[in-house]
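Notes to accompany the following structure.
For the numbers below, each heavy atom of this structure counts, side chains included, while hydrogens, waters and symmetry mates do not.
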Amino acid sequence: PEQLIMRVVDSQVMPKDLEVLIGTKAQHDSGMTIHAGTSRLTIRSRSVTIDTEPVGKILARQKSKPLNVLALAGGMSPAILILTDLGWRINKYHSSDTCKAAQRVSNSVAHTAGVKIEHLPSLEALSSEQTGTQYDLILASPPCKGFSRARGNPEGMDGTDGTLFKLCCGIIKTQQDMGHNPKIIFENVVLHAERKQDEQTQNEYLGMEFKTLKASDCGGTQHRTRRIATNICDLNTISRTEPADPNWMLHPTSTTHLRIMPCIMASGSRTKAPVMVNDNITGEPRLADIEELERLQGYPAGITSGWSLD
């Protein structure tokens, strides 16, 4: 399909006090809306919403040293798109995930972003290896069903998911003991009431405190609460962002009356409360399709199929 091309340029090229310049024809043809008083740009015809940043920040990232990134239980590696969209260059992207379907999608994601991805062994195997790579950023999102409120009798830190959690912490500690001091983002689920005792245990294993963060407080379109631990910033002081209107993520012929959608991951088509939208052509409600569900989670449409690339 036809692409919309945007360029980041040095400030001296732009008129004074302007950071984003979009031609009137491009705005009209693409159905763009520039939201006054915010940094958000909506392209309704493409079901795309962009939260812009000061150009200087993006240029500074582009000129900085390329990152070495380690993703523990990295899944389909959407972080590649996030990092490159923010302007970061990637030197090495190593991902430990044994799911072949996830690896196929992550290969496509990396290919699309122009990044070479290397798949590492499982967490169990990786924890016993001495990696010489000095990582600038470590992302950890190990399986967390064993801690989830959605399960009965969760095993928590005493079960398989607890073991994987400890392995991630061990790999991070190995990097720290080698003097690498990487930046860390570790994600986990809100704990089941029967596993509240695991909160302190997790904090101690990681050496950092988990804080609760809602996707809708960070501009997300869905109710999705997670516990995050990071040494990049203080999560208690980060600014909150108005959630994007979920209608912007739907096909132009569809709408929803909801201001924030339910958690997409917990609302599959086979659940009791699937994500529904209204089809404005037929006037009937229908299940949100895959592309809409992808965009509602903040992903580009087509990512879960690997954009049909082998």
Side-chain angles (χ1 to χ4, degrees), residues 69-75 78-79 82 95-99 102 122-124 126-128 135 137-177 180-241 243 260-268 271 273 297-298:
V69 183
L70 172 62
L72 301 175
I82 296 170
S95 178
S96 173
D97 202 297
T98 58
C99 175
S122 65
L123 293 176
E124 294 88 344
L126 187 61
S127 65
S128 63
Y135 293 107
L137 176 64
I138 297 181
L139 309 170
S141 52
C144 49
K145 290 182 179 180
F147 301 100
S148 175
R149 295 174 294 177
R151 303 192 71 174
N153 301 316
E155 295 180 314
M157 291 297 288
D158 301 322
T160 301
D161 289 351
T163 299
L164 295 175
F165 183 99
K166 296 172 188 175
L167 290 174
C168 287
C169 294
I171 294 167
I172 292 171
K173 189 175 186 305
T174 297
Q175 282 281 306
Q176 293 170 332
D177 290 345
H180 293 171
N181 194 30
K183 298 300 181 183
I184 298 163
I185 303 177
F186 201 123
E187 178 261 345
N188 206 259
V189 73
V190 176
L191 297 175
H192 191 286
E194 296 179 7
R195 302 304 311 186
K196 288 297 183 182
Q197 70 273 19
D198 288 341
E199 182 173 3
Q200 183 61 31
T201 304
Q202 289 182 341
N203 292 341
E204 291 174 355
Y205 265 99
L206 184 58
M208 288 189 290
E209 184 179 353
F210 280 88
K211 303 288 181 64
T212 300
L213 196 63
K214 296 180 179 179
S216 56
D217 285 342
C218 303
T221 60
Q222 59 172 325
H223 288 290
R224 185 166 175 80
T225 304
R226 278 295 181 269
R227 293 166 56 250
I228 307 292
T230 183
N231 59 355
I232 297 176
C233 63
D234 183 353
L235 295 178
N236 291 326
T237 62
I238 63 173
S239 59
R240 297 308 191 244
T241 303
I260 302 176
M261 303 298 277
C263 176
I264 306 301
M265 291 292 290
S267 306
T271 64
Q297 293 181 87

- Who are the side chain to side chain contact (heavy atoms under 4.5 Å, CB included) partners of Ser122, not counting sequence neighbours? Thr98, Glu124, Ala125

- Task: Please name all residues satisfying side chain to side chain contact (heavy atoms under 4.5 Å, CB included) with Ala229, sequence neighbours left out, ordered by chain then number.
- Result: Phe186, Leu206, Met208, Phe210

- Query: Is it true that atom NZ of Lys211 has more than 12 heavy atoms of other residues, nucleotides or ligands lying nearer than 6.0 Å?
  - Reply: yes

- Sorted by chain and number, sequence neighbours left out, salt bridge (charged side-chain N to carboxylate O under 4.0 Å, His left out) with Arg226 holds for Glu187

- Mind checking salt bridge (charged side-chain N to carboxylate O under 4.0 Å, His left out) for Glu199 and listing every partner two or more places apart, or none if nothing turns up? none

Do any side-chain atoms of residues 212-224 form donor-acceptor pairs under 3.5 angstrom with protein atoms, and if so which ones, sequence neighbours left out?
residue	atom	partner	partner atom	Å
Thr221	OG1	Leu296	O	2.6
Gln222	OE1	Ile264	N	2.8

Considering non-hydrogen atoms only, spot the tightest contact between [X] and [Y] and give its length.
X      : Y      : value
Cys233 : Ile238 : SG-CG2, 3.7 Å
Ser141 : Ala73  : OG-O, 3.1 Å
Lys196 : Leu191 : NZ-O, 3.8 Å

- Those residues that, when tested against Asp234, pass side-chain hydrogen bond (donor to acceptor under 3.5 Å, both in side chains) (two or more places apart): none

- Query: Do any pairs count as a side-chain hydrogen bond (donor to acceptor under 3.5 Å, both in side chains) and have a residue in residues 201-210, sequence neighbours left out, and if so which ones?
  - Reply: Gln200-Glu204, Gln202-Arg227

Show which side-chain atoms of residues 157-172 pair as donor or acceptor with protein atoms under 3.5 Å away, not counting sequence neighbours.
residue	atom	partner	partner atom	Å
Asp158	OD2	Arg195	NH2	3.1
Asp161	OD2	Lys145	N	3.1
Asp161	OD2	Gly146	N	2.7
Thr163	OG1	Gly159	O	3.3

